[in-house]
Amino acid sequence: MSAGRLLLIRHGQTGGNKQRYVGWEDLPLDETGVAQARTVAELLAGERIDALYSSPLSRAVDTARPLAAARGLTIQVRAELKEIDYGSYQGLLKTDQPLKLRREHMLAPMPGGESLQDVFNRVSRFADEATSELAAGASLAVVGHFWSNRMLVGALSGVPFEELFARSKYKPANGSIYELVCRWDAAREPVSARWIGAGADGGEG
């Protein structure tokens, strides 16, 4: 079986990423985020990309646009790639409402929102779609968010949700690119993984 490649991109910075729980709020990229989107396209200029997928939120789509324009790709939007829904916590300052999602909302949804398990289940539907392409040796670029990207790495690697945080330290920074090469058979054994450009910072949104 061929080794497929996933280029997993976190959207560029917005004005709310560091301060608030953004979630499904459709914030635009700020000046730094626009520059990060251009940098993503530049860093991937010489890379093979067969298809480009994005969350429908504008900060993800606008991060994908320079790459799509440079490579003549169509941005294929998938709702499954949206960030976690913070429900009634969305928009609140993190200093006013500290959340420990892994402790408090691993399985229990936030009021009016989702749990981490919910996001994993949702993203897994996209993983099922992508796996057939990756198993055929495709190179896919996906633009998502902090939590949806973390769940996608696990789902595509065949890691059960219960083991995800013990087995993965992946925490993407805004504008980061993570390359994951695997043989996408039943074992889904990783061949290699590396950061391209910016790496991890752990900030959510």
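Numbering starts at 1 and runs along the sequence shown.
- In this structure the side chain of Ser148 never reaches within 4.5 angstrom of the side chain of Lys82, judged on heavy atoms.
- Taking 4.5 Å as the limit, some side-chain heavy atom of Arg59 sits within range of a side-chain heavy atom of Val22.
- Side-chain atoms of Glu114 come within 3.5 Å of backbone N or O of Asp85 as a donor-acceptor pair.
- His11 contributes atom NE2, which lies 8.0 Å from atom CG of Leu29 (distance to the nearest 0.5 angstrom).
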Q.
Could you walk me through whether Arg48 and Arg5 satisfy the side chain to side chain contact (heavy atoms under 4.5 Å, CB included) test, starting with their C-alpha distance in whole Å, then the side-chain angles of each, then the deciding distance to 0.1 Å, before giving a yes or no?
A. CA-CA 9 Å; Arg48 173 189 156 203; Arg5 183 175 69 154; 4.2 Å; yes
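- Across every non-hydrogen atom of Ser157 and Leu180, the tightest pair is OG-CD2, 3.7 Å.
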Q. Is there a side chain to side chain contact (heavy atoms under 4.5 Å, CB included) between Phe161 and Leu116 once you walk through the steps?
A. CA-CA 9 Å; Phe161 176 73; Leu116 292 175; 4.0 Å; yes
Q) Passes ring-ring contact (aromatic ring centres under 6.0 Å, His included), Tyr89 versus Tyr21? Steps please. A) CA-CA 7 Å; Tyr89 298 132; Tyr21 298 111; 7.0 Å; no
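- Formation of a donor-acceptor pair under 3.5 Å by the Gln117 side chain with backbone atoms of Ala108 is not found in this model.
- Atom CG of Asn174 is separated from atom OG1 of Thr14 by 7.0 Å, given to the nearest 0.5 angstrom.
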(Q) For a side chain to side chain contact (heavy atoms under 4.5 Å, CB included) check, start with the C-alpha distance between Thr63 and Arg10, then their side-chain angles and the critical distance, and finish with the verdict. (A) CA-CA 8 Å; Thr63 300; Arg10 184 181 171 195; over 6 Å; no
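- Inter-residue side-chain proximity for Arg20 and Leu27 is flagged as met; some heavy-atom pair is nearer than 4.5 Å.
- Follow the hydrophobic side-chain contacts under 4.5 Å out from Phe126 and you reach Val153 in the same cluster.
- Annotation for Glu163: atom CD counts as buried by contact number, over 12 foreign heavy atoms lying within 6.0 Å.
- Looking at Asp50, its side chain does come within 3.5 Å of a backbone N or O of Ser139 through a donor-acceptor pair.
- Inspection of the Gln97 and Tyr86 side chains reveals no N or O donor paired with an N or O acceptor under 3.5 Å.
- Side-chain atoms of Arg167 and Pro160, non-hydrogen and from C-beta on, do get closer than 4.5 Å to each other.
- With contacts defined as side-chain heavy-atom distances shorter than 4.5 Å, the pair Leu101/Met110 qualifies.
- Grouping the Ile, Leu, Val, Met, Phe, Trp and Tyr side chains by contacts below 4.5 angstrom, directly or via other members, places Val143 with Ile177.
- In this structure, the side chains of Leu67 and Ile49 come closer than 4.5 Å at one or more pairs of heavy atoms.
- Looking at Gln36, its side chain does come within 3.5 Å of a backbone N or O of Gln13 through a donor-acceptor pair.
- Using a 3.5 Å distance cut-off with no hydrogens or angles, the side chains of Thr131 and Asp128 do not pair a donor with an acceptor.
- Looking only at distances, a side-chain donor or acceptor of Arg71 sits under 3.5 Å from a matching main-chain atom of Glu47.
- The two atoms that bring Leu164 and Gly154 nearest to each other are CD1-CA, 3.4 Å, heavy atoms only.
- By the rule that hydrophobic residues join a cluster once side-chain heavy atoms approach within less than 4.5 Å of another member, Tyr178 and Met151 end up as members of one cluster.
- Here the shortest heavy-atom pairing between Ala155 and Ala127 reads CB-CB, 3.9 Å.
- Tracing side-chain contacts under 4.5 Å through hydrophobic residues (I, L, V, M, F, W, Y), one reaches Val119 starting from Leu8; they form part of the same cluster.
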**Q.** Stepwise side chain to side chain contact (heavy atoms under 4.5 Å, CB included) test for Arg78 and Glu129
**A.** CA-CA 11 Å; Arg78 294 291 186 274; Glu129 175 185 354; 2.8 Å; yes
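- Contact of the Tyr170 side chain with the Asn149 side chain is registered, since non-hydrogen atoms from C-beta on lie closer than 4.5 Å.
- Between Arg150 and Phe165 there is a side-chain heavy-atom pair separated by less than 4.5 Å.
- Using a 4.5 Å cut-off between side-chain heavy atoms of Ile, Leu, Val, Met, Phe, Trp and Tyr, with links allowed through other members, Leu99 and Trp24 fall into different hydrophobic clusters.
- Side-chain polar atoms of His145 and Ser55 form a donor-acceptor pair below 3.5 angstrom.
- Using modelled atom types, one finds a donor on one side chain and an acceptor on the other under 3.5 Å when comparing Asp118 with Ser115.
- In terms of modelled atom types and a separation under 3.5 Å, the side chain of Asp26 and the main chain of Ser58 share a donor-acceptor contact.
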